[in-house]
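Below is one structure, written out as structure tokens; comments come after it.
Numbering of ligands and ligand atoms starts at 1, following listing order. FYI, side chains are in, hydrogens and waters are out, and symmetry mates aren't considered; it's all heavy atoms of this structure. All values reported here derive from a predicted model rather than from experimental measurement.
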Amino acid sequence: MNNKQESDFSANISGVENPLRFGIIGAGARGAGSFGTMLRKHNGAVLAAFCDPNRLRAERAAARLEVSVNIYDDVRQMIACEKLDAVIITTPDCFHEENALAALESGVHVLIDKPLATTVHGCRNIIEAAEKSGKIVMIGFNLRHHPVLCKLKEVIDSGAAGRIFMIENREFYNGGRGYMARWNRFYGRSGGLWVHKGCHDFDVFQWLLGFPRPLRVGAFAQVSVLTPDNLPFTLRDGVRPGPRCHQCPYVEDCPDCVVVRDLKGGPWDDDAVAFDGIAKDECIYLSDKDTHDNGIAIVEYEGGIRASHLECFITPLNDRQYTVIGTRGQIEASLEQRQIIIRPRWGGEVITHQLPPNLGGHGGADPKLMKTFIEVLRGAQPNHTLLEHGMLATAVGQAAELSWRERRIVEVEELFR
Ligand SMILES: NC(=O)c1ccc[n+]([C@@H]2O[C@H](COP(=O)([O-])OP(=O)(O)OC[C@H]3O[C@@H](n4cnc5c(N)ncnc54)[C@H](O)[C@@H]3O)[C@@H](O)[C@H]2O)c1
């Protein structure tokens, strides 16, 4: 395995007297908003720098966080000047690979937000660089730290449902319609939503099932609703909608208008967008896009296990709902309800686990991910998100993309040839 798991790193870095120095590559929602906020509050870590080609955006993100950090547009320069221990990569997905290679070649540990990379080829390059450098690389698979999914894993591992042969996840993500307002809607930037979003779910399947090898994938997907002919308001003669929500004359009429926080003077206002064209509030109906707004993917694993993953971004809900079926019973889980129900197959007591409410971003998963990364760096626990896991999650997502675009069942193996 390529990930360094041993504890020698802790020898020269211990406790709050010697805080770890972090740099964040990509000072956007996830970089500044999630990790920046968590690092700022952590007394065993220092947020030393941002690296972002959009300097204005990074400066504004730093101002919003109320931190004084140096800002770079070159990863190698940032690492050399700031004497960093680790970097966190939160760029658009298509740039994960180049930034991970630069960081590893510069000799720092890395947390790469999901997906590891948008292709198997990219994942392989990161794995090779990680092996050469001997540095720790963790993946931002925060769902593995979600309290409901941790409990679900515990229940599956206890054998309460016997040998698992089917698993289903239905993801209803109201917020996902916002993908069509941002870079995420482009296959070239995100790898498509089966990679960008689905990699979370394919990783969870593998993790819950004990890492069976995925064999083949069939997927169906489409943009069914977020097209110009489905605008949810009536057009007035001669008044054109869009192109961005904050400029749109129908902002009061549109139930799907995307509101970006303090747009004037913030990281996503017109000045910052002028630099790279990356906006957050393109009209989700009018924006050009080449990924889906709903779809279903089916995966067959070795050992006779089947999984299905539905993802729908046209919905009033924000929930992931799981059904897991084994030889001895069936388990249902809902992240939103924070509930797990176990139904034994031949009768017996139905057991319900009700978990406590949210504590932190992504249902409490983000603070646990951050804490885990810091503990892994200090040698206090092993790294469980192996890069091979990240590569398999990308492989299933990439296979699903190929499947719906080329209308065929894709053998996962073909991506590794
Ligand atoms: N684990 C999760 O739950 C989760 C949730 C949301 C997003 N993500 C991941 O986080 C990453 C960032 O997503 P986001 O929503 O924060 O995006 P964002 O658009 O808010 O931020 C991206 C930032 O990267 C910067 N950037 C663009 N190109 C760059 C480059 N080549 N080098 C350095 N910086 C660059 C942009 O200027 C911007 O500041 C993505 O990989 C996404 O998949 C993970």
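- Considering only non-hydrogen protein atoms, atom 10 (O) of ligand 1 sits nearest to R30 CG, 3.5 Å.
- Ranking protein heavy atoms by distance to atom 27 (C) of ligand 1, first place goes to P92 CD, 3.4 Å.
- Both tests hold for K197 against Y173: distance to the six-membered ring centre under 6.0 Å, angle to the ring axis within 45°.
- Here the closest non-hydrogen pair linking L235 and V239 is CD2-O, 4.4 Å.
- Remark: side-chain polar atoms of N184 are not paired, donor with acceptor, to backbone N or O of S190 under 3.5 angstrom.
- The option with the heavy atom closest to atom 30 (C) of ligand 1, from among P53, C51, G31, is P53.
- For the pair D93 and ligand 1, the shortest N or O to N or O distance falls below 3.5 Å.
- For atom 11 (C) of ligand 1, the nearest non-hydrogen atom of the protein is T91 O, 3.3 Å.
- Remark: side-chain polar atoms of S403 are paired, donor with acceptor, to backbone N or O of R408 under 3.5 angstrom.
- Atom CD1 of I296 is surrounded by 12 or fewer heavy atoms from other residues, nucleotides or ligands within 6.0 Å.
- In terms of polar-atom proximity, A29 is counted as a contact of ligand 1, with an N or O under 3.5 Å from an N or O of the ligand.
- Nearest to atom 13 (O) of ligand 1 by heavy atom, out of Y179, Y72, W183, F275, is W183.
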